[in-house]
Every structure is written in structure tokens, then in C-alpha cells.
Participant: 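What follows is a structure written as C-alpha cells; I'll ask about it next.
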Amino acid sequence: MKNDTSDILAKVKAKNPAEPEFHQAVQEVLESLALVLERHPEYRAAKILERMIEPERVIMFRVPWRDDQGNLHVNRGFRIQMNSAIGPFKGGLRFHPSVNLGILKFLAFEQVFKNALTTLPMGGAKGGSDFDPKGKSDMEVMRFCQAFMSELFRHIGPNTDIPAGDIGVGAREIGYLFGMYKRLRNEFTGVMTGKGLTWGGSVIRPEATGYGAVYFADEMLKTRNENLKGKTCLVSGSGNVAQYTIDKLIELGSRAVTLSDSAGYIYDEAGITSEKLAFVMDLKNVRRGRIAEYADKFKSAVYTPADPALDHNPLWDHKAQCAFPSATQNEINAQDASNLLKNGVYVVSEGANMPTTIEGVNQFLAAKILYGPGKAANAGGVATSGLEMAQNSMRISWTREEVDTRLYNIMKTIHEVCYRTAEKYGTPGNYVNGANIAGFLKVANAMMDQGLV
Ligand code: NDP
Ligand code: 2IT
């Protein structure tokens, strides 16, 4: 069966050249699935894998918009509708200059497995643009979002495809996108998640990904009769996921000591407190400044600018027990993984999508640490999007406590399913296999039930 999956990977590479991140995401899943395919030849006969790696639909479009000086810009927009076997397409939108087809395909592919793990009925999708919101005025961002939605609106809908946020798409962008959709369609529906609280949003959605990644880490620690109290934690990024990861870590009595953005990182030996986190939230969400300012404000912190010439990220080279990568893909390479292990890290819970390279993942697995891959550990965000959709359908709003309890129970269930599945397939403690196999089985069985569609 190993030969069979190698053959599929070779075909994916030949058919989709110049999409290294997509190859990486497929390779990781295929390696786990070799175990399932041996036991279930029916999936091979029905060519389920070949069907899952080909998106149901790819939409790529031109986004022309005008800046404040009247200059015209043309960006590229995308929506990858990967798989709708278990529910409508669902997944975020990313606005970042690095966005391209291969990156969005990897994200959409991962989303299919992640959404299956949430226990909620959601298929997988991802979209976005190579537009860079950094340094743009609110009006420029609004005009871009309106231009983007003026094409996307015809491809989405509350029962078809429900976008949300991701890198560069937060509350502000969701507002402008939703407003344009509503105007074009003349209907008020739950077509997007991450909406504002007064117009259909859910409490806890902003917190959900970070909180979920911490709940997942805590569940992993419970298997060793431990918890997060008193643990030192390295967190990367300083956006939505990083902020609420730290918020929950503070509540649980852990000591988070790092934060980063693309320009560099801060190390705060004294620990990031609630007051310091409030400063970061204002800095990043309101003033849209750089994390370097943290070290100007708090003297216990040291700022290190990013150095592209380095073969490793010094953020991952500090003594700690836990790591929460919460910035972007491939931010932990082989050298970083070995630095983490050397420094005593034995819990890695991925808030970001695919933040660890395959070589890095293999080191974590070989060291038998508690390693929660993104598609399991960061599923709390999309799970709470599913809860937002449920509230929209019922036209009611649940309380904070109700949503947080549901989120917590979903993360607990995801952990348990991944743990048990890994055990069942002979690789106890391997959450990568657990997540890939459990996610695959749910989607594959739905595809088998629905025939050749
Ligand atoms: P934000 O845009 O709020 O924050 C992203 C953070 O990561 C910023 O600090 C940003 O720095 C940094 N970053 C982004 N790209 C790079 C890069 N190429 N190199 C270095 N730093 C970078 O995004 P989120 O917090 O929402 O997303 C973070 C990660 O979590 C992503 O991988 C996303 O896919 C994943 N995720 C998000 C979910 C959500 O609900 N929002 C759900 C599940 C996963 P800078 O500002 O300098 O670019
Ligand atoms: O990667 C992700 O899971 C997200 N960016 C959230 C997707 C969603 O639909 O809430």
C-alpha cells in the first residue's frame, strides 16, 4: 500500500507543479492513510483519495480596486471549494501577499479533515487574495473587500459555502465583506462567520482558535496526569490565534514568554500578563503596529528582529515545556524542532495551519512528545464557526458559557477520537495518524454513500 500512496503523491506533484505546500499536506495525509487502505481496499477501488485531492471546484478571479490616491490595483482572488461530502463548503479567507493557488489548496485540503473532526456538518474550503492589508487605510480595505465580494458572492451562500477569517481577515474585513454580500443579494443570512455580535456573530468566536489550541494541549497533558499550570510556553504570531492562546494560558496559570510578527519577536522573561496582553491587543487590533513596540513599553522584554539569513527561528530556542506556533505555515523547520526538543519542550499544540515542516514533525513523532497537529489542535475556530451557523439558523444567540462549554467539549472529543484512532491503528500517541485517519474515514464514508459525485 505504501507503493500505492507514493504513486498517488508522484501524480499529485506532476499534475500540480509549483505547489509545494499542497504536496506537503497531501504527503502527510497519505503517509497516515497507508494504514487504513490496507484494511479497507474498497476506498482504493472507489478512488476516494484521487477524488479527495482534486478540488470539487476552484474559482480564481480578478479584483480591481482603487487606493486613496486614486491609483488602480489589480489583485487575484480565489476560492477553493475542496469537498462538500459532509456539509456545505466551509473555511476561512486569507489576505496576505504570499497567497497563491498552492497555499490555498493546502489550506482547503487540511480544512476537509479538520472540519470532519469537529463533529459538525461542514465540508472544506479556503480562499483569499494576495492583497496585503498592512499599511492600507480602512477605506482602502473596505474598497478591496467590496471588490472581492462583488465576484465571490455568486459562488457562496449560507447552504453552499460559508467563508470566515484567517490571516489578514479579522472583524473589520468580515464586516465589509458581509455588508457587500447583503447588498448584492438583498438578503440577511449567515453566509459568513466571525460576524459582529450585534449582527449575527457568536460570542467566543474570536477567542475560539486560541482557546481550543490550549484546551487540546491540556487534554494531551491529561494523558500523562499533568496540566498546564506553571508551564513555560513559547507562542509565535501576535494576531487573533496568538492573542487568545495567551489569554487562556494566563487563566490556566502558565507563563507565556514570546510573541512575534513578520518583523521579529519579543522574549519576556517575566511572562506576558493580562495587562501586557491588553497592550498587545490594542497595538495589533486597533493601532495595527509592530510587536517591536512591546519591548519599548515593557523593559522585561527583549526584541530580536527577524533575520532571513538564519537557518532557524531564535524564538524556538528558549527553555520551555510547551510551544504554540500561531503564525503561519512551515515556521518550525528541522533545526527549530531540534532546538525545541533540546530546550525541553514536550508539548506542541499547533494553532497555525501546518506550521511544522515534515522533517520537524518526524522529529516530534520520533521523540514521542505530545504533538497536536493543526488540523486537530486548531479546529476550535471552525467548530465555533459551526456553532455560529447553528445559532444563525435558529435565529437565537447562546451565552458565553454555553458556547465555551460546547467548544471545550468539542476539543475534548477531537482529542479523544484522535487518541483512540491512533491506538486502533497501532501507533499509540501519534495524533497525526489519529487526526488524518479519523477525518478521512468520516469524509470517505460519506463519499461512498453518495456515489460517484
Ligand atoms: P492574524 O492575521 O490575526 O495574525 C497572523 C500573525 O502571524 C501576525 O502576527 C503575522 O505577522 C504573523 N504572520 C503571518 N504570516 C507570516 C509570515 N509569512 N511570516 C511571519 N509571520 C507571519 O491571523 P490568525 O491569528 O487568524 O492566524 C494565524 C494562524 O492560525 C494561521 O496559520 C491561520 O491559518 C491559523 N488559523 C486561524 C484560525 C482563525 O480562526 N483565525 C483558525 C485556525 C487556524 P504580520 O502581522 O507581521 O504579518
Ligand atoms: O483555518 C481555519 O480553520 C480558519 N481559518 C477558520 C475557518 C472558519 O470557517 O471558521
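Below, all heavy atoms of this structure are taken into account, side chains as well, without hydrogens, waters or symmetry copies. Each ligand, and each atom within it, is numbered from 1 in the order the structure gives.
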Participant: Is there a donor in the side chain of Ser397 and an acceptor in the side chain of Gln391, or the other way round, less than 3.5 Å apart?
Facilitator: no
Participant: Does ligand 1 have any atom sitting under 4.0 Å from a heavy atom of Gly351?
Facilitator: yes
Participant: Can you tell me which residue and heavy atom of the protein come closest to atom 9 (O) of ligand 2, and the distance to 0.1 Å?
Facilitator: Lys90 NZ, 2.6 Å
Participant: Using a strict 4.0 Å cut-off to heavy atoms of Ser385, name the atoms of ligand 2 that fall inside it.
Facilitator: 8 (C), 9 (O), 10 (O)
Participant: Taking the non-hydrogen atoms of Arg205, is any one of them nearer than 4.0 angstrom to ligand 1?
Facilitator: yes
Participant: Has Arg205 got any heavy atom lying under 4.0 angstrom from an atom of ligand 2?
Facilitator: yes
Participant: Step through the shown structure and confirm whether more than 12 heavy atoms of other residues, nucleotides or ligands are within 6.0 Å of CZ on Arg154.
Facilitator: yes
Participant: I want to know whether Phe95 and Phe144 have ring centres closer than 6.0 Å.
Facilitator: yes
Participant: Mind checking whether Trp65 and Phe148 have ring centres under 6.0 Å apart?
Facilitator: no
Participant: State whether the side chain of Lys136 and the backbone N or O of Asp132 hold a donor-acceptor pair below 3.5 Å, judged by distance alone.
Facilitator: yes
Participant: Please confirm whether Met354 comes under 4.0 Å of ligand 1, counting heavy atoms of the residue only.
Facilitator: no
Participant: Against heavy atoms of Ser326, which atoms of ligand 1 measure under 4.0 Å?
Facilitator: 28 (C), 29 (C)
Participant: Would you kindly check if the NZ (Lys) or CZ (Arg) of Lys276 is within the cone defined by 45 degrees around the ring axis of Phe298 and under 6.0 Å from the six-membered ring centre?
Facilitator: yes
Participant: Determine whether the aromatic ring centres of residues Tyr265 and His318 are separated by less than 6.0 angstrom.
Facilitator: yes
Participant: Which of these, Asp138, Asp68, Asp67, sits in a salt bridge (Lys or Arg N to Asp or Glu O under 4.0 Å) with Arg143?
Facilitator: Asp68
Participant: Not counting sequence neighbours, which residues clear side chain to side chain donor-acceptor pair (under 3.5 Å) with Thr413? List them please.
Facilitator: none
Participant: Return a yes/no value for Gly168: is any of its N or O atoms, backbone included, closer than 3.5 angstrom to an N or O of ligand 1?
Facilitator: yes
Participant: Could you list the atoms of ligand 2 found under 4.0 angstrom from a heavy atom of Ala164?
Facilitator: 8 (C), 9 (O), 10 (O)
Participant: For Arg255 and Thr273, which I'm curious about, is there any donor-acceptor pair between the side chains at under 3.5 Å?
Facilitator: no
Participant: For atom 45 (P) of ligand 1, which candidate among Lys375, Lys114, Lys134, His96 provides the closest heavy atom?
Facilitator: Lys134
Participant: Which atoms of ligand 1 sit under 4.0 Å from any heavy atom of Ala352?
Facilitator: 29 (C), 30 (O), 32 (O), 35 (C)
Participant: Which bit of Ala242 gets closer than 4.0 Å to ligand 1, counting heavy atoms only: side chain, backbone, both or neither?
Facilitator: neither
Participant: List the steps, then state whether side-chain contact (heavy atoms from CB on, under 4.5 Å) holds for Arg400 with Ile204.
Facilitator: CA-CA 6 Å; Arg400 273 186 84 79; Ile204 301 288; 3.6 Å; yes
Participant: Atom 14 (C) of ligand 1: which protein heavy atom is closest, and how many Å away?
Facilitator: Ile167 CD1, 4.0 Å
Participant: Which ligand 1 atoms does Asn378 reach within 4.0 Å, using its non-hydrogen atoms?
Facilitator: 43 (C), 44 (C)
Participant: What protein heavy atom is closest to atom 31 (C) of ligand 1, reported as residue, atom name and distance in Å?
Facilitator: Ala327 O, 3.3 Å
Participant: Any non-hydrogen atom of Arg94 lying under 4.0 Å from ligand 1?
Facilitator: yes
Participant: Show me which atoms of ligand 2 lie under 4.0 Å from any heavy atom of Lys126.
Facilitator: 1 (O), 2 (C), 4 (C), 5 (N)
Participant: Please tell me whether Gln24 and Glu28 have a donor and an acceptor in their side chains that are separated by less than 3.5 angstrom.
Facilitator: no
Participant: Decide if the gap between the ring center of Tyr431 and the ring center of His415 is smaller than 6.0 angstrom.
Facilitator: yes
Participant: Any N or O of Val241 that comes nearer than 3.5 Å to an N or O of ligand 1?
Facilitator: yes
Participant: Hey, does Gly165 come in under 3.5 Å of ligand 2, counting only N/O atoms on both sides?
Facilitator: yes
Participant: Does Lys284 count as lying over the ring of Tyr294, i.e. NZ or CZ under 6.0 Å from the six-ring centre, within 45 degrees of the axis?
Facilitator: no
Participant: With nothing but distance in play, are any N or O atoms of Asn353 less than 3.5 Å from an N or O of ligand 1?
Facilitator: yes
Participant: So, regarding Lys114 and ligand 2 (criterion: nitrogen or oxygen to nitrogen or oxygen, under 3.5 Å), is there a contact or not?
Facilitator: yes
Participant: Write out the residue and atom name of the closest protein heavy atom to atom 38 (C) of ligand 1, then the distance separating them to 0.1 Å.
Facilitator: Thr209 OG1, 3.6 Å
Participant: Quick check on atom 10 (C) of ligand 1 - does any protein heavy atom sit closer than 4.0 Å to it?
Facilitator: no
Participant: Can a donor-acceptor pair be found between the side chains of Ser238 and Gln243 at a distance below 3.5 Å?
Facilitator: no
Participant: Just to be sure I read this right, does ligand 2 sit under 4.0 Å from the backbone of Thr209, its side chain, both, or neither, counting only heavy atoms?
Facilitator: neither
Participant: For Ser254 and Leu228, indicate whether the former's side chain and the latter's backbone hold a donor-acceptor pair under 3.5 Å.
Facilitator: yes
Participant: Identify the closest protein heavy atom to atom 33 (C) of ligand 1: which residue and atom is it, and at what distance?
Facilitator: Asp166 OD1, 3.2 Å
Participant: Can you confirm, on distance only, whether ligand 1 has an N/O atom lying under 3.5 Å from any N/O atom belonging to Arg290?
Facilitator: yes
Participant: Within less than 4.0 angstrom of ligand 2, does Arg94 place any heavy atom?
Facilitator: no
Participant: Counting heavy atoms only, name the option from Asn330, Thr384, Thr328 that's nearest to atom 18 (N) of ligand 1.
Facilitator: Thr328
Participant: Which residue and non-hydrogen atom of the protein lie closest to atom 7 (C) of ligand 2, and at what distance in Å?
Facilitator: Gly92 N, 3.6 Å
Participant: Does only the side chain of Glu331 get under 4.0 Å from ligand 1, or the backbone, or both, or neither? Count heavy atoms.
Facilitator: neither
Participant: Do Lys105 and Glu21 sit within salt-bridge range, that is, some charged N less than 4.0 Å from a carboxylate O?
Facilitator: no
Participant: Going by the closest heavy atom to atom 20 (C) of ligand 1, which one wins out of Gly92, Gly194, Ser262, Ser238?
Facilitator: Ser262
Participant: Measure the distance from atom 41 (N) of ligand 1 to every protein heavy atom, then report the residue, atom name and distance (to 0.1 Å) of the closest one.
Facilitator: Asn240 OD1, 3.7 Å
Participant: Hey, does the side chain of Ser349 reach the backbone of Ala213 with a donor-acceptor pair shorter than 3.5 angstrom?
Facilitator: yes
Participant: For atom 4 (O) of ligand 1, what's the nearest protein heavy-atom neighbour? Residue, atom name and distance, please.
Facilitator: Gly239 CA, 3.3 Å
Participant: Would you check if the distance from the ring center of Tyr211 to the ring center of Phe216 is below 6.0 Å?
Facilitator: no
Participant: Is it true that Ser260 lies under 4.0 Å from ligand 1, counting heavy atoms only?
Facilitator: yes
